[in-house]
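What follows is one structure encoded as structure tokens, with my remarks underneath.
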Amino acid sequence: MMFHRVVIGIALTMGSVSSFSSPGHSILARPMQSSTTSRFSTMIEKSEISDSVNNENKEMTSSSEMPTAWECNEEAECVEVPACDDEECRTTLDVRIHGKWYDLSGWRKAHPAGPHWIDWYDGRDATEVMDAFHTQKGREMYKRLPASAPETAAVLEASAAPYSQTELNFRKLRDQLESEGWWERDFVHEGKLLAIWASLVTGAALTAESAPPLSTFLLGLSMTNAGWLGHDYIHGVDKFSQVMRPFAAVAAGLGPTWWSDKHNKHHALTNEMGVDEDIATDPFLFPYVPDPKYDSPLRKIQHYIFYIPFSFLFALWRVDTLKVAVDSVESKRPDAKNELWYLLAHYFVLLTFFPAQVWVPAVFLSGLMSALIVTPTHQSEEYFEEYQPDWVTAQFESTRNAVTTNPFSEWLWGGMQYQLEHHLFPSMPRSKYPSLKPILAKFAEENKVPGGYRESGEFEILYMNWDLYRRVAESDAIPGAPYSRGMVNWEPSIWVHRRELVELVWESSCRIDCCLVE
């Protein structure tokens, strides 16, 4: 209880921040729904379907085979157990990885990043996401998970989009880069970056009393720099990254759990309306014209006041981090208590060595700098109203790099100027991105990616983002425009497929395996 009171007290001192509000799990575009069947294949696999619907019903009801489900541990070791109540838990969840369908219903609760992640890919392909975000151990573990029931896999495979040649070529490129050692860290480079951060913090502490404005500037720079360093380590899959994973919490007050939950979804579903939280910045900023019922008077002046909500970005991230940290402890997520301790250590140092007149404006200065960097690389590009099965092409279409003009900008952007490289290879150390740039430009050209390799000067891309806000502000609201926080009445594709499968079985006069073949 003491943890909760301390953390909540800190959050209250930060104030309530509503700009850049991110949708909670309760209003996601894909709410988790309970299955209406318990491993449907197990229940009907051995049942003879006759010409009479009544006889079919009797035969299904009298079947002695009990419905079953899967239960898995954190090592992806699964056993078959009696199915639980469908109203309380899921018993079906099928995902395709490298051409094979896996039943992840028993793995979702054991998934270290939480069950909501897997739910998004029910009935879909997750190959690129699996490869992009997981360690080598994780990329081997999924192969131990149970395969989907053959008839379920057949239905899903028939309706799923086939792999594009761009996707297949990208996998070859990834394999080549891995074999060449592109994920090996340059520790000299890492040492330089950490030394710069430490120097900024030290300088800010030494000038906190004698020169508060200078201290605020240095502390704001250190917060932004710590955010980019922590961002790199949280994404990383190497041993050094695992050791440095708490850095963002200690140095920037940003929790790895919150960051992973929010940020990885942005990576996986970039610029998908109603899903990607990074473009859900209304009611203060609208990156696209909204429906009248979700509109705000502020939209008409957003290009004049954008810097105000931008400045609140870091404060919002901090408050959201504390909320997620408390929730994670209560839900007993892995390493949640240690993460909370790291956050408390951060605030102890911040409040002990820096007066409020320094650290408060530093938080807002850091928010402004961070927002100016993270928003323009996506918001001026394509938006998607539907799920994009070709993840590789979608990343090219929704991302634009910034070309920096001087060494200070190159450092300040923290690797985010290589946004496409980062989105396609998020676990790769950011020091590799400059060398990766010509390889991806050539890949885009050879694979005829729409729009090609997109990049603009650092000031040009900032103007493009501002001009987007201006054009949206001057436009009339559009009835029926997608809501930024979820599309009501959306159903994951798997449930539609399963309902169709049930109807097919009961209306047919042949065995289910014959029907699926036809």
Side-chain angles (χ1 to χ4, degrees), residues 2-4 6-11 13-14 112-113 185 187 189-206 208 215-216 218-264 313-329 333-356 358-360 362-367 369-370 411 414-415 429-430:
M2 181 58 69
F3 285 152
H4 295 46
V6 172
V7 173
I8 291 173
I10 294 172
T13 63
M14 297 293 295
R185 287 204 173 262
F187 291 105
H189 181 76
E190 298 296 335
K192 291 179 181 178
L193 294 177
L194 289 169
I196 292 174
W197 168 79
S199 299
L200 289 170
V201 174
T202 302
L206 294 175
S215 179
T216 295
L218 294 176
L219 187 59
L221 285 176
S222 76
M223 290 177 178
T224 297
N225 189 26
W228 302 147
L229 286 169
H231 170 256
D232 197 30
Y233 299 146
I234 293 171
H235 272 301
V237 295
D238 56 290
K239 292 182 179 180
F240 179 75
S241 293
Q242 298 305 308
V243 173
M244 296 297 291
R245 183 175 174 84
F247 180 83
V250 174
L254 303 176
T257 300
W258 161 79
W259 196 306
S260 296
D261 286 354
K262 174 186 181 297
H263 188 63
N264 284 348
L313 178 64
F314 214 67
L316 171 69
W317 284 357
R318 286 171 171 266
V319 173
D320 284 351
T321 283
L322 293 172
K323 292 178 180 178
V324 171
V326 173
D327 290 341
S328 297
V329 171
R333 293 186 66 171
D335 209 35
K337 288 186 177 180
N338 287 336
E339 186 173 314
L340 188 55
W341 275 114
Y342 294 135
L343 291 170
L344 292 177
H346 166 81
Y347 281 102
F348 173 79
V349 173
L350 186 67
L351 299 178
T352 300
F353 293 96
F354 298 96
V358 169
W359 72 263
V360 171
V363 168
F364 290 95
L365 174 62
S366 179
M369 290 188 293
S370 300
W411 167 81
R430 76 187 204 191

Between the NE2 atom in His189 and the CG atom in Leu193, the distance rounded to the nearest 0.5 Å is 4.0 Å

Can you find a heavy atom in the side chain of [X] that is under 4.5 Å from one in the side chain of [Y]?
X	Y	value
Trp411	Leu221	yes
Met244	Leu194	yes
Leu322	Tyr347	yes
Ser241	Arg185	yes
His231	Leu254	no

Under a 3.5 Å distance rule, please check whether [X] uses its side chain to pair with a backbone N or O of [Y] as donor and acceptor.
X	Y	result
Thr321	Gly255	yes
Arg430	Gly414	yes
Thr352	Val349	no
Arg318	Ala252	yes

Requested in this report: Please determine which of Asp335, Val324, Leu340 meets the side-chain contact (heavy atoms from CB on, under 4.5 Å) test together with Thr257.
Outcome: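 One option only clears the test, and that one is Val324.
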
Taking all non-hydrogen atoms of both residues, which atom of [X] and which atom of [Y] are closest, and how far apart?
X	Y	answer
Ala208	Ser215	CA-OG, 3.5 Å
Val237	Gln242	CA-NE2, 4.0 Å
Ala251	Trp197	CB-CZ2, 3.4 Å

Solution key, residues 198-206 side-chain donor-acceptor pairs under 3.5 Å, sequence neighbours excluded:
unit_1, atom_1, unit_2, atom_2, d
Ser199, OG, Ala195, O, 2.8
Thr202, OG1, Ala198, O, 2.8

With sequence neighbours left out, the residues meeting ring pair (Phe, Tyr, Trp, His ring centres under 6.0 Å) with His346 are none

* Asked: With Phe240, which residues qualify under ring pair (Phe, Tyr, Trp, His ring centres under 6.0 Å), at least two apart?
  ->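 Scan of Phe240 (ring pair (Phe, Tyr, Trp, His ring centres under 6.0 Å), adjacent residues dropped) gives Phe187, Tyr233.
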
